[in-house]
Amino acid sequence: MKKIYLMLIIALILLTACEVKKPTMPTWFMDLNIPIINERYYVSDLVDSVNIVVDENEVLTVTTSGEATTNEFGTLPFTPDVNVEGLPIWSTGLDLTIPFEDQNGKVGVAYAEIAEGIFKSRFNNLQSGVEITLTFYDLYLPNNQNLVLTSNNPGNWVTTNLEGLHLGVANSDQVINQIHLSFQITPSLPSGMQVATFDFQANETIQFGEFRGTLNNYPIGLEDSGSLVNIDYPYGLDQAINLEDAYLQITLQNYLGFGSVFSGQLKATNSSGQSRIIDILDEYGNNYQIEPATEEGPRIVEIQFGHNVAQLLQIMPTTIQVIDGQFLISSGTNIGSLRPTDTMLLFYTVSAPLTFTLHAHEITIAEEQEFSIPEENRERIRKNLVNASLNLELKNKLPIGASAKLFFSTTPSIDTNNPSTYNFMKEAAIYSANLQPDFQNVNLTLNKDELNVFTSEQVFMRFAFSFEETGTPVTIHASTMDYIHIKGMMSARVLIEKED
């Protein structure tokens, strides 16, 4: 019996010496990979087919086109300077010529239709019973009959309206420097008898319509309206580069039957108000000669030059216009022709391949990225996160390096210039294709505050980049092989506990 008690006591002692531990749940680590970006940014995305285009060599090119025109020629002013006083008229009649030239020395008439004009004439001291008929052999009525005046109103000035008449003969190549007047007397009277005196004034401007003759030192100006063109640069490209080369092509359409000398300037102005002006001259510093139109149609002249044009585009202008443009006609003795509806049209294109020097400027991609994080992963990040990083793979197919910035926010409408609109920013260097043609791996550690962004249901991201300053010119192509590729994901390690 004593043995039984002894064994019982020993058993109790052993039981009281044992500690029973609370059961524990199994734990392990889980790696979460949350994709945030996988985009290619092509150079060709800059192409807007208006101011940014791709040339035949797949080179990205800044271009702008504009046009300017002269007014329709309208009427041509001709101002004679004729003043005849007290010309004696004899009984045998009189034939004479009087000078009829433009007192400004600019217009020589071989043929002209008169749109507007007058002259004045007066017969004085007319003998009783005498009638005088005056024929102008160089002035014609619409039916091609000569203009004829009579002495029916002696002693008074008679104003003759010249509208609808024409001076000279169509297609004539002979300039009229004087007009021929012929006085016929009826009835027949003895020879040597003065029958009247004649006064004649033609000193008011006559307006010609259709015209054939010579023009000298006669300017035709371009209209200001319509010559100004605007240039829009995507992504603030004008702040990021200085262009190295440019050329200008001008196409002139001359509807006038006169040659001319074209002069003018190109004025460029940028967004800062800075302006540059160059003369439109050939490589030898001379004005361009424009040939006259022919019977078959207008004369089309193509002008191309590249000297000095780069000066305009180096300031990255937002407007370009032709200023002080004019055509100066000086035909000498050569006969030309024109109609009131004739004009000159000027079309111009300024182009600059993107061979440029880069300088510091941040270019922000307009499109904002948005991605969702599942609730389960948000909860794991919030409660069980151990560490996390932002892993980027970057491939740059351009010949220039860059710096990439990624802006993250839990709300949309990120303004990269306003830190209050985003939660954090990460930056990574991107080597040029010359230094690293393949993907570059970049790992960026995230701190706790940055990680908390990914506990939001929606996360927003915006991308910006700035190219390295080159110091020397580079040429940018825009083929399907010219792009920057960015792949990125948020990698997080979380501790997982299995629950019963």
Side-chain angles (χ1 to χ4, degrees), residues 29-42 235 240 358 360-398 400-469 483-496:
F29 292 105
M30 174 183 287
D31 291 325
L32 299 179
N33 292 313
I34 302 173
I36 58 174
I37 186 173
N38 185 8
E39 292 287 341
R40 283 186 178 182
Y41 297 96
Y42 287 92
Y235 302 109
L358 281 163
H361 177 73
E362 189 169 280
I363 296 175
T364 302
I365 302 301
E367 297 78 16
E368 193 171 67
Q369 305 284 333
E370 178 183 0
F371 52 93
S372 301
I373 300 177
E375 182 179 358
E376 182 181 15
N377 287 342
R378 299 199 310 271
E379 189 68 17
R380 286 169 175 167
I381 294 172
R382 185 180 298 111
K383 291 182 177 181
N384 305 106
L385 184 69
V386 178
N387 57 62
S389 64
L390 186 61
N391 300 322
L392 301 176
E393 292 183 70
L394 310 170
K395 179 183 284 189
N396 182 8
K397 302 293 287 184
L398 306 181
I400 47 178
S403 174
K405 292 181 179 179
L406 285 81
F407 300 80
F408 294 89
S409 176
T410 56
T411 57
S413 303
I414 295 173
D415 180 356
T416 59
N417 295 313
N418 184 359
S420 67
T421 64
Y422 57 86
N423 295 85
F424 71 95
M425 179 273 291
K426 290 294 182 180
E427 185 172 4
I430 307 176
Y431 296 113
S432 71
N434 300 328
L435 296 178
Q436 176 55 271
D438 298 320
F439 275 105
Q440 308 159 41
N441 295 313
V442 178
N443 294 320
L444 304 172
T445 302
L446 300 175
N447 61 36
K448 182 174 177 58
D449 290 337
E450 294 167 348
L451 289 170
N452 284 337
V453 171
F454 298 94
T455 63
S456 177
E457 181 178 359
Q458 300 293 119
V459 178
F460 301 89
M461 187 194 71
R462 203 162 186 188
F463 169 63
F465 64 90
S466 56
F467 289 116
E468 296 176 350
E469 295 196 39
Y483 59 83
I484 294 177
H485 190 175
I486 298 181
K487 295 192 292 186
M489 65 175 58
M490 196 276 283
S491 297
R493 170 158 284 198
V494 295
L495 179 65
I496 302 298

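Start at 1 with the first residue, then count along the sequence. Remember, predicted model here, so these are calculated numbers, not experimental data.
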Participant: Measuring from atom CG of N391 to atom CE of M490, what distance do you get when rounded to the nearest 0.5 angstrom?
Facilitator: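 CE of M490 is found 10.0 Å from CG of N391.
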Participant: Take L398 and F467, measure what side chain to side chain contact (heavy atoms under 4.5 Å, CB included) needs, and give me the verdict at the end.
Facilitator: CA-CA 10 Å; L398 306 181; F467 289 116; 4.0 Å; yes
Participant: On a heavy-atom basis, which atom in P374 and which in S372 lie closest, and how many Å separate them?
Facilitator: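 Looking at all heavy atoms of both residues, the shortest contact is CD-O, 4.0 Å.
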Participant: Partners of Y431 by ring pair (Phe, Tyr, Trp, His ring centres under 6.0 Å), sequence neighbours excluded?
Facilitator: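 Ring pair (Phe, Tyr, Trp, His ring centres under 6.0 Å) check on Y431 returns nothing, list empty.
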Participant: Counting distance only, does the side-chain N/O of R462 pair as donor-acceptor with the main-chain N or O of T364 below 3.5 Å?
Facilitator: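 Pair absent, no side-chain N/O of R462 close to backbone of T364.
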Participant: Is the number of heavy atoms from other residues, nucleotides or ligands under 6.0 Å of E370 CD greater than 12?
Facilitator: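 More than 12 heavy atoms, drawn from other residues, nucleotides or ligands, come within 6.0 Å of this atom.
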Participant: Do any side-chain atoms of residues 441-454 form donor-acceptor pairs under 3.5 angstrom with protein atoms, and if so which ones, sequence neighbours left out?
Facilitator:
{"residue": "N447", "atom": "OD1", "partner": "D449", "partner atom": "N", "Å": "3.1"}
{"residue": "N447", "atom": "OD1", "partner": "E450", "partner atom": "N", "Å": "2.8"}
{"residue": "E450", "atom": "OE1", "partner": "K426", "partner atom": "NZ", "Å": "3.3"}
{"residue": "E450", "atom": "OE1", "partner": "N447", "partner atom": "N", "Å": "3.0"}
{"residue": "E450", "atom": "OE2", "partner": "K426", "partner atom": "NZ", "Å": "3.4"}
{"residue": "N452", "atom": "ND2", "partner": "K448", "partner atom": "O", "Å": "3.4"}

Participant: To the nearest 0.5 Å, what is the distance between CD1 on I400 and OG on S432?
Facilitator: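 The distance works out to 9.0 Å.
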Participant: Look only at the side chain of E427 and the backbone of S403, and say whether a donor-acceptor pair between them is shorter than 3.5 Å.
Facilitator: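 No; zero donor-acceptor contacts below 3.5 Å.
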Participant: Locate the shortest heavy-atom distance separating N423 from S409; write the atom from each residue and the value.
Facilitator: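 Smallest interatomic distance, heavy atoms only, reads OD1-CA, 3.0 Å.
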Participant: Rounded to the nearest 0.5 Å, what's the gap from CD on E379 to OG1 on T455? Could you check?
Facilitator: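 So the gap between those two atoms works out to 9.5 Å.
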Participant: So V459 and Q369, do their side chains get closer than 4.5 Å, heavy atoms only?
Facilitator: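 No, too far: nothing below the 4.5 Å cut-off.
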Participant: Measuring from H485:NE2 to Y42:OH, what's the distance to the nearest 0.5 Å?
Facilitator: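 Atom-to-atom, H485:NE2 and Y42:OH are 8.0 Å apart.
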Participant: Quick one: closest heavy-atom pair of A428 and L392, and the distance?
Facilitator: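 The answer is CB-CD1, 4.1 Å.
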Participant: Going from OG1 on T411 to OH on Y422, what distance comes out if it is rounded to the nearest 0.5 angstrom?
Facilitator: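 It comes to 12.5 Å.
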Participant: Which heavy atom of F407 sits nearest to which heavy atom of A464, and what is that distance?
Facilitator: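 Looks like CE1-CB, 4.0 Å.
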Participant: Would you check if M461 and I37 make a side-chain contact, meaning some heavy-atom pair closer than 4.5 Å?
Facilitator: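 A side-chain contact under 4.5 Å exists here.
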Participant: If I take atom NZ from residue K395 and atom CG from residue D438, how far apart are they, to the nearest 0.5 angstrom?
Facilitator: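 The CG atom of D438 is 6.0 Å from NZ of K395, to the nearest 0.5 Å.
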Participant: Please verify the inter-ring angle class for F408 with F424; under 30° counts as parallel, over 60° as perpendicular, anything in between as tilted.
Facilitator: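 It falls in the parallel class, under 30°.
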Participant: If we only count heavy atoms from C-beta on, is the I34 to M489 side-chain gap below 4.5 Å?
Facilitator: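 Sidechains of M489 and I34: no contact.
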Participant: Taking the side chain as everything from C-beta on, heavy atoms only, tell me whether Q440 gets closer than 4.5 Å to I430.
Facilitator: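 Heavy-atom side-chain distance check passes, below 4.5 Å.
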Participant: Are K487 and F439 packed together at the side-chain level, in the sense that at least one heavy-atom pair is separated by less than 4.5 angstrom?
Facilitator: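 Touching, per the 4.5 Å side-chain cut-off.
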Participant: Tell me every residue that passes ring pair (Phe, Tyr, Trp, His ring centres under 6.0 Å) with Y41, counting only those two or more places apart in sequence or in another chain.
Facilitator: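 With sequence neighbours excluded, Y41 shows a ring pair (Phe, Tyr, Trp, His ring centres under 6.0 Å) to F463, given in chain and number order.
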